[in-house]
Amino acid sequence: AVDVVADDGSRTEVGAIGDAVAHHVAAGDIHEAADLVARCWNEWFNAGRLGSVAAWLDLLPDPLVRADPRLCVARAWLLLDLGRLDEVDRWITAGDAVGAGDLPAQRDLAVLRATHRFKIGDLGSTRMAARRVLELDDGAVSFAATVAYLQLGITAFWCGDVTAVTRPLAEAVRMARRSGNVLAETYAIGYLALAAAE
């Protein structure tokens with residue numbers, strides 16, 4: 001069983017999130033299904049259950065997904081991880097259109113944009129988006145800030161500015177260690193080693 005926590009703090013136990021989403025859709029309660037997906041996708045995505053998250057999103061009408069910046073972010077991360085890089089921008093754009101006043105959504109979209117731009121080799125846009133993440137961030141240790149510092153250091157390395165690598169990557173290592181983000185820590189230490197070798 002899975003505990004799902006509602007905005008009011010109440011907990012609901014469901015046998016499986018996918019079943020709950022399907023039941024809400026079958027009952028015509030599409031908005032409840034969408035909210036459940038929006039609250040649960042990230043944990044399942046980070047556990048490598050991309051197929052489950054994709055199936056949940058596929059149960060929802062496309063206009064409803066496009067109307068929720070959290071679901072736009074979910075769809076874009078799925079496409080990014082599946083290597084369908086040419087489809088990511090339209091979901092970031094859709095998220096921007098509906099999440100303009102939502103600071104957490106804007107931060108999530110900025111880190112997604114930075115990651116997408118890096119994957120397609122646009123280092124200048126990667127740096128701009130990473131800086132935007134830090135502008136939107138509250139200064140706390142977070143996934144978004146960790147990734148932004150990591151991307152600032154890595155893009156500095158690939159742009160040949162080895163002197164600008166250390167500070168952001170050291171901050172990425174610090175944040176990654178505090179949040180338990182082993183992958184980000186590994187990337188940051190690896191690039192620090194490359195910069196030292198240069």
Side-chain angles (χ1 to χ4, degrees), residues 5 7 34-46 50 53 57 64-81 84-159 161 164-188 191-192:
V5 181
D7 290 337
D35 187 57
L36 183 59
V37 174
R39 287 184 284 130
C40 298
W41 78 269
N42 197 24
E43 183 180 345
W44 285 60
F45 178 86
N46 288 335
L50 278 63
V53 176
L57 287 169
L64 184 63
V65 175
R66 289 181 182 281
D68 188 323
R70 301 169 302 170
L71 298 176
C72 291
V73 167
R75 181 64 82 188
W77 275 115
L78 280 171
L79 292 167
L80 199 60
D81 270 31
R84 293 165 52 186
L85 302 178
D86 56 335
E87 298 176 52
V88 174
D89 259 339
R90 69 184 175 133
W91 288 100
I92 294 173
T93 301
D96 279 336
V98 294
D102 184 340
L103 200 59
Q106 286 302 302
R107 186 197 60 224
D108 292 347
L109 287 159
V111 76
L112 178 59
R113 182 177 290 105
T115 303
H116 176 244
R117 301 318 291 176
F118 181 75
K119 286 188 179 254
I120 64 171
D122 184 348
L123 300 182
S125 292
T126 301
R127 290 176 107 168
M128 286 179 13
R131 287 186 187 113
R132 180 69 178 140
V133 171
L134 297 177
E135 289 171 10
L136 294 167
D137 208 58
D138 60 7
V141 173
S142 68
F143 170 78
T146 303
V147 171
Y149 281 116
L150 181 63
Q151 290 170 335
L152 287 172
I154 291 173
T155 55
F157 177 83
W158 287 113
C159 289
D161 190 0
V165 169
T166 304
R167 186 179 221 174
L169 289 182
E171 186 62 16
V173 169
R174 184 188 74 77
M175 287 190 164
R177 286 181 176 161
R178 290 192 59 205
S179 63
N181 188 336
V182 176
L183 184 59
E185 181 183 358
T186 303
Y187 269 112
Y191 274 95
L192 283 168

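Positions are given from 1, in the same order as the sequence printed here.
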Checklist entry - Roughly how far, to the nearest 0.5 Å, is the CG atom of L80 from the CG atom of L112? => result 6.0 Å
Checklist entry - Using the ring of each side chain (for Trp, its six-membered ring), is W158 parallel, tilted or perpendicular to Y191, with breaks at 30° and 60°? => result perpendicular
Item to check | Minimum-distance pair of heavy atoms, taken over all atoms of L64 and L71 | outcome: O-CD1, 4.3 Å
Checklist entry - Passes side-chain contact (heavy atoms from CB on, under 4.5 Å), I154 versus T126? Steps please. => result CA-CA 10 Å; I154 291 173; T126 301; over 6 Å; no
Checklist entry - Taking atom CZ of F118 as the centre, does the number of heavy atoms from other residues, nucleotides or ligands within less than 6.0 Å exceed 12? => result yes
Checklist outcome for this item: Only residue of D96, D102, T93 satisfying side-chain contact (heavy atoms from CB on, under 4.5 Å) with L109 is D96
Next on the checklist: When you compare the side chain of V73 with that of W41, does any pair of heavy atoms fall below 4.5 Å?
Outcome noted: yes
Next on the checklist: To the closest 0.5 Å, what do you measure between CD (E185) and CG (L192)?
Outcome noted: 10.5 Å
Checklist entry - Do D89 and H116 touch side chain to side chain, with heavy atoms closer than 4.5 Å? => result yes
Item to check | Distance (rounded to the nearest 0.5 Å) between D35 CG and R70 CZ | outcome: 5.0 Å
Checklist outcome for this item: Heavy atoms of A105 and G99 approach each other most closely as CB-O, 4.4 Å
Checklist entry - How long is the span from the CG atom in D86 to the CG atom in L79, to the nearest 0.5 Å? => result 9.0 Å
Item to check | Residue pair Y149, V173: steps toward the side-chain contact (heavy atoms from CB on, under 4.5 Å) verdict | outcome: CA-CA 9 Å; Y149 281 116; V173 169; over 6 Å; no
Checklist entry - Does some side-chain heavy atom of M128 sit less than 4.5 Å from a side-chain heavy atom of R132? => result no
Item to check | Value rounded to 0.5 Å, distance of CZ in R178 from OG1 in T146 | outcome: 10.0 Å
Next on the checklist: Tell me which pairs pass salt bridge (Lys or Arg N to Asp or Glu O under 4.0 Å) where either residue lies in residues 138-152, with sequence neighbours left out.
Outcome noted: none
Item to check | Sub-4.5 Å side-chain heavy-atom contact between W77 and V53 | outcome: no
Next on the checklist: Give me the atom names and distance for the closest heavy-atom approach of D137 to R107.
Outcome noted: OD1-CD, 3.1 Å
Item to check | Sub-4.5 Å side-chain heavy-atom contact between F45 and L50 | outcome: yes
Next on the checklist: Show the nearest heavy-atom pair for residues V141 and S179, with the distance to one decimal.
Outcome noted: CG1-CB, 3.9 Å
Next on the checklist: Do D68 and V37 make a side-chain contact, defined as non-hydrogen atoms from C-beta onward lying under 4.5 Å apart?
Outcome noted: no
Checklist outcome for this item: What one should report as the nearest heavy-atom pair of A148 and A130 is CB-O, 3.5 Å
Item to check | Within 6.0 Å of CZ in R90, more than 12 heavy atoms from elsewhere | outcome: yes
Checklist entry - Between atom CG of L123 and atom CZ of F157, what is the distance when rounded to the nearest 0.5 Å? => result 11.5 Å
Checklist outcome for this item: Looking only at heavy atoms, the pair that brings K119 and L85 closest together is O-CD1, 4.0 Å
Item to check | Heavy-atom neighbours of E135 CD exceed 12 at 6.0 Å | outcome: yes
Next on the checklist: Can you confirm whether Q151 sits close enough to T115 that some side-chain heavy atom of one is under 4.5 Å from a side-chain heavy atom of the other?
Outcome noted: yes
